[in-house]
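Chain identifiers are assigned alphabetically (A, B, ...) following the order of the sequence lines, protein sequences preceding nucleic acid strands; residue numbering begins at 1 within each chain. From a predicted model like this one, the values you see are computed outputs, not experimental measurements.
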Number of protein chains: 2
Amino acid sequence: MGRHEQGAEGARMGRYDQGVHADEPVTILTVAREAGVSKTTASDALRGSGRVSERTRETVVAVAERLGYVPNGSARHLRKASTGTIGLHVPEVLTRSSYYMSFVFGVVEQAARHDYDVTLITSGQRRARPPRVDGLVLGDPLGGDPVVESLMATGLPTVSCERFPGSRQADGVVWSEHALMLTRLLDHLLATGARRPGLIVAGDESDWAASVHRGYQEWCAGRGVAPLVSRVSFDATGDEVRAAARALLGRGHGAPGTGGGTPGTGGGALATGGGALARNDDTPRTGGAEVPMDALVCAPAGAATEVAPLLREAGGRVRLASCVDSAATRQADPPITAIDLRPREAGASCAELLFELLSGTAQPGTERVHPIELQIRASTAPRP
Amino acid sequence: MGRHEQGAEGARMGRYDQGVHADEPVTILTVAREAGVSKTTASDALRGSGRVSERTRETVVAVAERLGYVPNGSARHLRKASTGTIGLHVPEVLTRSSYYMSFVFGVVEQAARHDYDVTLITSGQRRARPPRVDGLVLGDPLGGDPVVESLMATGLPTVSCERFPGSRQADGVVWSEHALMLTRLLDHLLATGARRPGLIVAGDESDWAASVHRGYQEWCAGRGVAPLVSRVSFDATGDEVRAAARALLGRGHGAPGTGGGTPGTGGGALATGGGALARNDDTPRTGGAEVPMDALVCAPAGAATEVAPLLREAGGRVRLASCVDSAATRQADPPITAIDLRPREAGASCAELLFELLSGTAQPGTERVHPIELQIRASTAPRP
DNA sequence: TTCTGCTGCCGGAACGTTCCGGCAAGTTTC
DNA sequence: GAAACTTGCCGGAACGTTCCGGCAGCAGAA
């Protein structure tokens with residue numbers, strides 16, 4: 001001791017000035033001395049624990065405020081065996097999607113509200129040591145990602161956004177009703193006069209893509225529409241997506257029955273239509289296998305805007321919608337109907353669930369539904 | 001003590017299993033006991049400090065390896081008054097740009113290489129306390145951002161990507177020759193037959209935008225081209241950018257002289273052309289104020305792709321280029337000529353400079369140039 | 001011999017916090 | 001009126017690390 005005896009400090013300039021440049025660190029001992037109590041009482045008063053009279057509590061709080069006391073995180077976490085930090089993993093393949101940027105900010109914002117920091121974990125970096133965190137948020141984990149696997153093996157409390165398409169599941173899951181919302185979107189397309197909506201979607205590594213695909217298949221079965229699907233890779237380029245769209249456009253014109261067209265015309269487009277479901281004759285008004293595509297739903301982020309010019313060139317007959325809303329879809333010409341996944345709120349919801357798991361407020365195994373919204377825009381207006 | 005006497009642990013399953021689930025925390029005391037030395041010697045041996053014989057050093061290292069010893073960050077940082085974490089700020093306005101996502105990953109990757117964590121700091125969150133970090137990276141700080149101001153006031157070592165357009169400067173700066181590269185781009189446009197390239201650029205809150213604008217003006221002055229500039233807001237929507245493009249397209253057709261056209265036709269497009277520079281008669285072959293725009297350079301990320309359809313409708317006469325490369329420009333149809341800012345490497349470079357500042361290897365005031373590249377694509381091919 | 005210096009190792013304190021147990025004084029209970 | 005309980009406060013230990021100072025043992029110098 002004796003290194004800083006004065007204690008009385010007074011307010012200083014600036015916003016973070018206290019205790020940062022090391023001329024006079026304000027510890028809980030400084031506060032206690034200044035308030036005329038012991039360090040225990042000061043600690044109790046500030047954290048609302050222990051037994052402290054209201055009067056002294058107010059005094060201590062006032063003094064702490066005045067001195068600009070900021071608790072030392074390292075000391076606190078050393079004592080409490082926690083870190084005050086949560087880890088956040090987002091798959092690097094999808095870096096360019098603005099969805100993840102918003103998601104990340106949602107997590108950071110919510111964590112800040114709980115006075116937690118957020119440490120980013122990328123799939124790229126090989127980690128020599130386990131992350132120094134109290135828990136983990138996994139943003140849309142991809143099945144088979146080795147980093148995700150090892151993160152789950154840490155035993156740390158974990159929340160994933162969408163389910164993990166692997167063997168084990170996170171302690172908490174925040175998911176959205178993508179299949180249901182896609183159903184609404186498809187019904188909307190039907191209502192505007194479309195008869196045969198097609199789908200471009202990525203593979204089932206992501207729970208989200210799998211849900212979208214499943215929702216589409218079930219809707220087709222229920223409505224008696226012959227499915228028209230093209231799978232693309234997860235980080236599909238514009239060319240790949242356009243090739244898939246062209247392949248879908250080319251199908252349905254040929255002979256009815258087993259789907260016609262040339263599967264795999266370009267870019268690995270895999271057509272799955274024209275099966276038994278197309279023979280459902282109860283609802284003859286909707287699209288059988290011989291009906292050409294007159295609406296296209298693009299699942300991957302950014303795919304819809306990539307495809308838009310192609311559809312326009314093809315005559316503008318095909319309605320267009322995206323499963324991921326973004327500035328690009330909002331501002332396209334015409335604006336593109338899309339499902340707003342509300343990524344920022346999704347991130348906040350994941351962080352919140354994690355904190356509840358950490359505090360014991362929520363039980364492991366908790367699942368929460370994150371509401372999403374269908375934004376109907378001009379790209380799916382009825383065609384003249 | 002006495003809580004875990006066995007000590008000998010042996011290798012375990014999994015990758016992060018050591019010391020994470022709390023059944024048997026392995027501290028430096030465990031290692032010391034197992035190696036038959038004191039905790040001081042163990043610590044010295046592991047960190048290469050103090051005086052330890054080579055023989056015992058090897059023993060201790062081997063034991064630590066075997067037990068999977070991971071130093072407790074909180075304890076270390078409590079003792080050393082550091083945190084093992086750096087803060088990363090990116091302006092929230094620009095969240096949707098994939099540039100920042102890549103930048104962030106670059107920082108995280110480089111930090112991981114130094115065994116540092118990265119904590120995100122957003123402009124949105126109001127911070128009750130100074131961030132618990134050893135240093136800061138500011139990604140393209142905007143002038144007047146209060147969070148940036150207060151971060152700079154912390155006195156923490158700081159590196160900014162691009163200069164801070166405010167009074168004080170960060171301790172380290174990583175910047176790119178945007179003005180020079182724009183000159184190359186404009187020369188390229190001239191070489192493909194363009195006579196009057198226009199520019200859409202955001203305001204001078206960002207050093208990057210200011211550099212681009214300055215580079216354009218200087219190039220125009222040097223080449224005797226009448227400038228044709230439209231300013232948009234930093235987070236310009238597609239509509240705003242398109243309105244700016246339309247305004248630029250409308251100019252140059254009218255009476256020669258003071259620029260003609262209708263300034264501010266839509267979306268706040270502010271035209272600055274037609275001044276004294278346009279009267280430079282030494283180089284009559286290039287574009288005077290009466291020459292219509294035949295090439296358009298879009299500075300804001302994403303602006304070029306938003307404008308592309310408009311230019312196509314207008315006859316495809318106008319060449320198009322972007323100051324920010326991205327998946328969207330690469331994959332556009334036709335692919336758009338763009339400046340690749342190499343964001344991931346920029347982020348890594350910022351982090352690296354910060355670590356050198358922290359270790360004293362680099363001096364405060366260091367500036368480093370981050371190389372960028374011009375990617376020439378079909379959108380600026382010579383017109384028939 | 002004694003003094004000095006070097007090597008290899010170690011005990012203990014310190015970093016700033018939380019929390020267990022305890023102690024006076026006051027209040028209720030039987 | 002003593003026992004039991006409550007209130008308000010406190011000292012000290014502990015978290016796991018780093019580092020200062022010290023202490024033997026040995027070697028070389030005076």
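- The side chain of A:Leu78 sits closest to D:dG16 out of D:dT17, C:dG11, D:dG16.
- Put simply, the side chain of B:Gln169 gets close to the backbone of B:Phe164: a donor and an acceptor are under 3.5 Å apart.
- Geometric assessment of B:Arg163 against the ring of B:Trp175 yields a positive cation-pi assignment under the 6.0 Å and 45° thresholds.
- Side-chain to base pairing of A:Thr40 with C:dC19: one donor and one acceptor N or O lie within less than 3.5 Å of each other.
- To the nearest 0.5 Å, atom CG of residue B:Leu353 and atom CG of residue B:Asp171 are 9.0 Å apart.
- When each of A:Ser49 and B:Thr41 is assigned the nucleotide of DNA chain C bearing its nearest heavy atom, the one mapping closer to the 5' terminus is B:Thr41.
- Checking C:dC10, D:dC9, C:dC19 against the side-chain heavy atoms of A:Val52 singles out D:dC9 as nearest.
- Relative to the side chain of B:Ala75, the nucleotides C:dC9, D:dC10, D:dG16 differ in distance, and D:dG16 lies closest.
- With respect to the salt-bridge test (charged N to carboxylate O, under 4.0 angstrom), the residues B:Arg344 and B:Glu109 qualify.
- For A:Thr56, counting side-chain heavy atoms from C-beta on, the closest listed nucleotide (D:dC9, C:dT17, C:dT7) is D:dC9.
- When the nucleotides D:dC9, D:dG22, D:dC10 are ranked by their closest atom to the side chain of B:Arg51, D:dG22 comes out on top.
- Looking at which nucleotide of DNA chain D each of A:Lys39 and A:Ser53 is closest to, the 5′-most match is held by A:Ser53.
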